[in-house]
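Here the structure is a predicted model, which is why all the values come from computation and not from measurement. In what follows, every heavy atom counts, from backbone to side chain, and hydrogens, waters and symmetry copies are set aside. To find a chain, count down the sequence lines: A is the first, B the second, and so on, and within it residues start at 1.
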Amino acid sequence: MRNLKWSFGLLTAVLVSACASTPPPPPSVAVLTLSGEGCVAAPLLTDAVSLTPEKKKAYYTVSTLINEVRPCLTADTEVSRYVVYALPLSAENHTVSVGGRQEAIRTFAPSVRLLDADGKTTRQFADDRFAVLGNIVGVQFRPLPHERYILVQSNPKLVGKSVNTLETRIGTNHGYALNPATGYGSSYQTQHGIENTVNRVFSHEGFVDVTVQAATGMIGLPNEK
Amino acid sequence: MKRLMGSLLVVGLLGGCASPYRPVPFDQATSGISKIQVVEDAIPAKTGVRKLATNGQNMAAATSGLGLAGLVVGMAAAGIEAGIANNQNGKINTVLESQKFDGEAIFDEAFEASLKGLNYEVSSFKAERDTSRSLVAVTPQANAPDGSAVLDVAGVAYGYQQVGGTKWRPYVVILVRMVDSKDPKKILLDNRVEYNAVAPVPLTVNVPGNPDYAFDKVEDIEADPAKATEGLRIALVESARATAQLLK
């Protein structure tokens with residue numbers, strides 16, 4: 001009898017917890033300062049994230065969360081978090097789109113430069129080259145043949161800047177209509193407009209999204225059919 | 001179970017086939033391009049309303065599975081909706097004409113001003129653009145000097161839009177393509193610029209709308225022509241600057 005009571009109590013608890021909706025986690029907030037502790041003067045190329053997919057693909061997206069476990073750079077008095085990406089073979093055969101993802105209330109503040117095999121900077125994109133591309137604030141480019149790496153680091157000059165963006169989107173509702181003539185029904189969707197003004201702050205931390213697309217063939221394999 | 005597996009297979013295959021748009025980015029410093037011929041007729045003469053998620057579309061969706069009667073109701077709703085949109089389009093264009101609004105002149109002026117700072121040698125390229133406002137076909141120019149390109153900025157549509165009961169706000173949609181003058185098959189730049197996009201196309205340029213220019217109904221646009229005109233002017237200028245930015 002005692003076991004039965006326990007079982008009943010346990011069952012009730014399970015059912016109640018199953019019904020209770022779990023509130024979503026709060027959105028990640030912008031990180032505006034870095035201590036500079038343990039930062040290095042030059043990026044480590046050995047830790048580069050590969051932009052070549054394991055399976056053959058014509059396009060490939062890599063998302064990287066830049067947070068406190070990621071390394072940081074110091075240059076003069078400025079500190080930034082960074083990630084290095086290794087370009088696929090035949091780098092010049094690709095279109096690369098890279099930038100900070102527009103999250104709920106923050107955007108990684110991107111600064112992008114290209115490096116050769118020795119880690120020497122070949123190109124750096126000025127702030128006025130950055131645009132909102134889909135859901136990232138970033139740049140697009142075709143690598144040159146001698147470019148091997150992309151260095152993405154947080155831009156201290158941009159960090160802390162707040163941007164209000166008006167967003168108009170379409171929401172969807174689902175319905176079901178019964179046909180009295182046949183007795184059968186069908187489901188349908190209706191749409192409605194949604195308007196929001198979203199405030200996002202540029203941050204040292206957040207998601208960096210990189211999309212690589214092969215101009216011909218597959219990524220790293222320009223002659224592949 | 002077989003049906004489920006079949007459905008999953010179809011969904012998987014479709015998902016596998018879906019490939020996002022691939023832009024062709026341009027880099028002035030490494031391109032060797034110094035001379036640009038710009039195709040004339042960048043922006044349509046008149047604005048067009050863009051209405052999404054309307055009552056008519058929703059009614060057509062809700063009745064689509066109800067046999068012939070549902071089809072008739074849906075078609076009637078779509079027809080009524082089209083009539084309303086046509087009427088609203090006429091009213092908005094009348095407002096803009098009363099202010100002597102010239103969308104093409106506004107866009108061209110802002111675009112040329114932005115290009116000037118980039119030190120290109122700019123000339124115009126005459127070509128017939130069809131009514132669909134698509135990109136023009138460029139024929140090879142064997143005698144074109146080295147480093148020259150033909151730039152087509154095709155304004156597909158612009159004007160005021162309303163999305164499922166939201167406020168009326170300006171929108172602009174532009175296709176951009178630049179090709180080598182000698183070999184037009186060689187695409188130097190390809191992208192799309194959209195002001196106040198409702199469903200932003202991944203990897204294309206989005207210019208957020210200015211929240212100050214919004215109207216609850218078309219009658220409010222008619223009541224404040226100066227504000228309506230200024231909202232659209234800002235949309236075109238911002239779109240022109242974003243387009244020119246692709247040529248840096």
Side-chain angles (χ1 to χ4, degrees), chain A residues 57-59 61 94-97 99 102 122-123 125-126 128-144 163-173 175-182 184-198 209 211 213-215, chain B residues 16 19-31 51-55 57-70 161-167 169 171 187 190-191 193-194 196-214 242 245-246 248:
Chain A
K57 286 182 177 179
Y59 68 93
T61 297
H94 303 88
T95 291
V96 179
S97 306
Q102 295 188 122
T122 55
R123 276 192 283 172
F125 296 94
D128 65 0
R129 292 286 297 273
F130 286 76
V132 179
L133 304 165
N135 194 35
I136 63 168
V137 175
V139 288
Q140 288 173 328
F141 57 88
R142 282 186 81 154
L144 298 172
V163 179
N164 280 320
T165 308
L166 169 75
E167 292 183 349
T168 309
R169 300 287 181 264
I170 293 178
T172 304
N173 294 325
Y176 184 83
L178 182 69
N179 186 345
T182 62
Y184 291 102
S186 60
S187 58
Y188 62 88
Q189 287 185 352
T190 58
Q191 297 179 320
H192 59 276
I194 302 165
E195 280 188 343
N196 277 319
T197 299
V198 185
D209 291 344
T211 297
Q213 295 169 288
Chain B
S19 174
Y21 163 74
R22 185 176 69 82
V24 178
F26 177 77
D27 183 42
Q28 184 183 17
T30 57
S31 69
K51 295 185 76 179
L52 303 167
T54 63
N55 288 334
Q57 288 165 0
N58 284 334
M59 196 177 287
T63 56
S64 61
L66 301 182
L68 187 60
Q161 71 176 4
Q162 189 194 41
V163 184
T166 60
K167 295 185 176 192
R169 296 180 189 274
Y171 80 97
I187 298 171
D190 195 279
N191 215 315
V193 175
E194 188 161 357
N196 199 13
V198 176
V201 179
L203 311 180
T204 65
V205 179
N206 290 276
V207 184
N210 185 325
D212 295 340
Y213 295 91
Q245 190 179 335
L246 295 170
K248 285 186 175 175

Which pairs of donor and acceptor atoms, one on a side chain in residues 130-140 of chain A, lie under 3.5 Å apart (sequence neighbours left out)?
| unit_1 | atom_1 | unit_2 | atom_2 | d |
| --- | --- | --- | --- | --- |
| A/Asn135 | OD1 | A/Gln102 | NE2 | 3.3 |
| A/Gln140 | OE1 | B/Asn191 | ND2 | 3.1 |
| A/Gln140 | NE2 | A/Ser97 | OG | 3.2 |
| A/Gln140 | NE2 | B/Leu203 | O | 2.7 |

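- The minimum heavy-atom distance linking A/Ser187 with A/Tyr176 is given by the pair N-CD1, 4.0 Å.
- The two residues B/Ala242 and B/Val193 have their closest heavy-atom pair at CB-CG1, 4.0 Å.
- Interface summary for chain B: among A/Arg142, A/Lys57, A/Arg129, A/Arg123, the most heavy-atom pairs under 4.5 angstrom belong to A/Arg129.
- Heavy atoms closer than 4.5 Å to chain B are found in the side chain of A/Thr211, but not in its backbone.
- Contact annotation for B/Pro23: both backbone and side-chain heavy atoms come within less than 4.5 Å of a heavy atom of chain A.
- For A/Ala215, the parts sitting under 4.5 Å from any heavy atom of chain B are the backbone and the side chain alike.
- For chain A, the nearby part of B/Ala197 is the backbone; its heavy atoms alone come within less than 4.5 Å.
- Looking at A/Asp128 and B/Lys248, a side-chain N of the basic residue comes within less than 4.0 Å of a carboxylate O on the acidic one, giving a salt bridge.
- Neither the backbone nor the side chain of B/Tyr171 has a heavy atom closer than 4.5 Å to any heavy atom of chain A.
- Remark: A/Ala58 engages A/Met218 in a side chain to side chain contact (heavy atoms under 4.5 Å, CB included) (not counting sequence neighbours).
- Across B/Thr204, B/Leu246, B/Thr54, the residue that shares the most heavy-atom pairs under 4.5 angstrom with chain A is B/Thr204.
- Among B/Val198, B/Val207, B/Asn196, B/Val163, the residue with the largest count of heavy-atom pairs under 4.5 Å with chain A is B/Val198.
- Taking a cutoff of 4.0 Å between a charged side-chain nitrogen and a carboxylate oxygen, A/Glu195 and A/Arg169 do not qualify as a salt bridge.
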